[in-house]
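First the structure, in the form of structure tokens, and then the observations on it.
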Amino acid sequence: MSHMTKVPHRRPVRQASGAAPTAPPRARRRPTSQQWAAWGFLTPVTLYLVLFYAYPLYRNIDLSLRNYTVRSFVQGDAPFTGLANYRTILDDPTFAPALLHTVVFTSVCLFFQYAIGLALAVFFNQRFRLSATLRALFLVPWLLPLIVSASTWSWMLNSDSGVVNAALHAVGIGPVNWLTTPGWSLASVIIANIWIGVPFNLVVLHSGLQSIPASLYEAAALDGANAWQRFWRITFPLLRPVSAITLLLGLVYTLKVFDIIWIMTKGGPADSSTTFATWSYQLGFGNLLPAFGPGAAVGNLLVVAALVFGLVYVRVQRKQALS
């Protein structure tokens, strides 16, 4: 008689009350061709930002926090000094004049570049013959290399043989030492930088004017609004987004202007046209015993200033988008 082994009946295990049912593990999805394409396009941009922005910024911060000399710069064994380099530049007598010159240079250049660029953009927005040709001619200062523009202005403002003093002499005004007088050196580099920056404002603002519908001007003219009222009630308010990005880009560019000032005045005479950009170069490369740490610290102040204004711009734009 055969004995059959009974297999015990297993009852299903009940889940505890309130416990969420466990879902079966999902299989990992493989990246699609579109995702691979997106990563392929992002890789060059990421490498560019890391190599040419993130790493130089890291090196500049490291320079400002260590006591670098020529030997330690090559060997890489500079001692860590913390914020000592920043205290050094704050205690330097050049700091206050350089800060004042940077603020004056940046604010005056931005105001006149924007005002002249806006006036020219409104003028060229009127359709007339040779408008495109004249607008293209105004781009010449922007297309020239900065060394050419600065050298040209140095020749024009020369005290002895410059065309500016020759024109002043023709109308009975005595010569002005534009580049060698402390009272005129900063004004000279401001004039040159305004001349170089106006075409950029003209191009950007003119493109913004093209996006304003002509029907708004026609309706305002039918209501009896004159040209000045149409500008303040239609043109200027609708140009605010374009104006904001124009001023921001102009601010970042003007803060770091070095070529024009260095070629024309080298920050002199007697530091009368020294800004943070030229001072940083003088500290790092303008002496026989370079001060790499303080020079990097001054450069970081410029980076922080540009970053602060950039964050303010982003915050203002976000508020306008939500309102």
Side-chain angles (χ1 to χ4, degrees), residues 101-146 148-157 162-164 167-168 171 176 178-179 184-212 217 226-261 263-265 273 275 277 306 309 313:
H101 298 157
T102 303
V103 173
V104 172
F105 180 82
T106 304
S107 57
V108 174
C109 287
L110 278 182
F111 175 79
F112 283 100
Q113 286 174 354
Y114 177 79
I116 299 174
L118 179 59
L120 291 174
V122 173
F123 173 74
F124 285 115
N125 197 40
Q126 310 297 323
R127 303 185 178 207
F128 60 92
R129 187 176 297 178
L130 298 180
S131 174
T133 303
L134 293 176
R135 192 167 68 249
L137 291 177
F138 269 96
L139 295 179
V140 172
W142 191 34
L143 299 176
L144 288 175
L146 290 179
V148 175
S149 301
S151 301
T152 302
W153 275 100
S154 297
W155 170 75
M156 292 173 59
L157 297 176
V163 295
V164 175
L168 293 178
V171 297
V176 178
W178 296 97
L179 305 177
W184 285 105
S185 60
L186 184 62
S188 302
V189 295
I190 287 176
I191 292 172
N193 191 65
I194 290 173
W195 179 78
I196 294 172
V198 164
F200 171 76
N201 288 261
L202 167 62
V203 171
V204 179
L205 294 174
H206 185 267
S207 64
L209 288 175
Q210 299 297 311
S211 63
I212 300 178
Y217 295 103
N226 55 32
W228 188 251
Q229 291 173 335
R230 291 196 297 269
F231 174 79
W232 282 111
R233 301 295 178 86
I234 299 176
T235 304
F236 195 73
L238 294 180
L239 269 182
R240 283 179 182 173
V242 180
S243 299
I245 190 62
T246 303
L247 291 173
L248 176 64
L249 294 177
L251 173 69
V252 174
Y253 169 80
T254 309
L255 278 174
K256 65 181 184 63
V257 167
F258 165 78
D259 316 66
I260 302 168
I261 302 175
I263 293 172
M264 293 180 65
T265 64
S273 59
T275 61
F309 283 105
Y313 167 78

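Hydrogens, waters and symmetry mates play no part in the numbers below; they use all other heavy atoms, side chains included.
- For the ring pair (Phe, Tyr, Trp, His ring centres under 6.0 Å) test, no residue two or more places apart in sequence or in another chain qualifies with Phe111.
- In this structure, His101 NE2 and Thr106 OG1 are separated by 12.0 Å, a value rounded to the nearest 0.5 Å.
- Contacts of Ser273 classified as side-chain hydrogen bond (donor to acceptor under 3.5 Å, both in side chains), with partners at least two apart in sequence or in another chain: Thr265.
- Val122 meets the side-chain contact (heavy atoms from CB on, under 4.5 Å) test with Leu118, Leu209, Phe231; sequence neighbours excluded.
- Applying the side-chain hydrogen bond (donor to acceptor under 3.5 Å, both in side chains) test to Tyr114 and every residue at least two apart in sequence or in another chain returns Ser243.
- Interatomic distance, CD of Gln113 versus CG of Leu251, reported as 11.0 Å (0.5 Å rounding).
- By the ring pair (Phe, Tyr, Trp, His ring centres under 6.0 Å) test, Phe112 pairs with no residue at all, sequence neighbours left out.
- In this structure Leu249 satisfies the side-chain contact (heavy atoms from CB on, under 4.5 Å) test together with Phe200, Ile245, sequence neighbours excluded.
- For Val103, the side-chain contact (heavy atoms from CB on, under 4.5 Å) criterion is met by Leu99, not counting sequence neighbours.
- Taking Phe309 as the reference, nothing meets the ring pair (Phe, Tyr, Trp, His ring centres under 6.0 Å) condition, with sequence neighbours excluded.
- Listed by chain and residue number, Thr235 satisfy the side-chain hydrogen bond (donor to acceptor under 3.5 Å, both in side chains) test with Tyr217 (two or more places apart in sequence, or in another chain).
- Annotation: the span from Ile260 atom CD1 to Leu146 atom CG amounts to 5.5 Å, rounded to 0.5 Å.
- Of the inter-residue distances, the one linking Asn201 atom CG with Thr246 atom OG1 reads 6.0 Å to the nearest 0.5 angstrom.
- Contacts of Ser149 classified as side-chain contact (heavy atoms from CB on, under 4.5 Å), with partners at least two apart in sequence or in another chain: Leu144, Trp195, Ile196.
- Annotation: side-chain hydrogen bond (donor to acceptor under 3.5 Å, both in side chains) contacts of Gln210 (sequence neighbours excluded): Asn125, His206.
- Residues satisfying the ring pair (Phe, Tyr, Trp, His ring centres under 6.0 Å) test with Phe138, not counting sequence neighbours, are Phe124.
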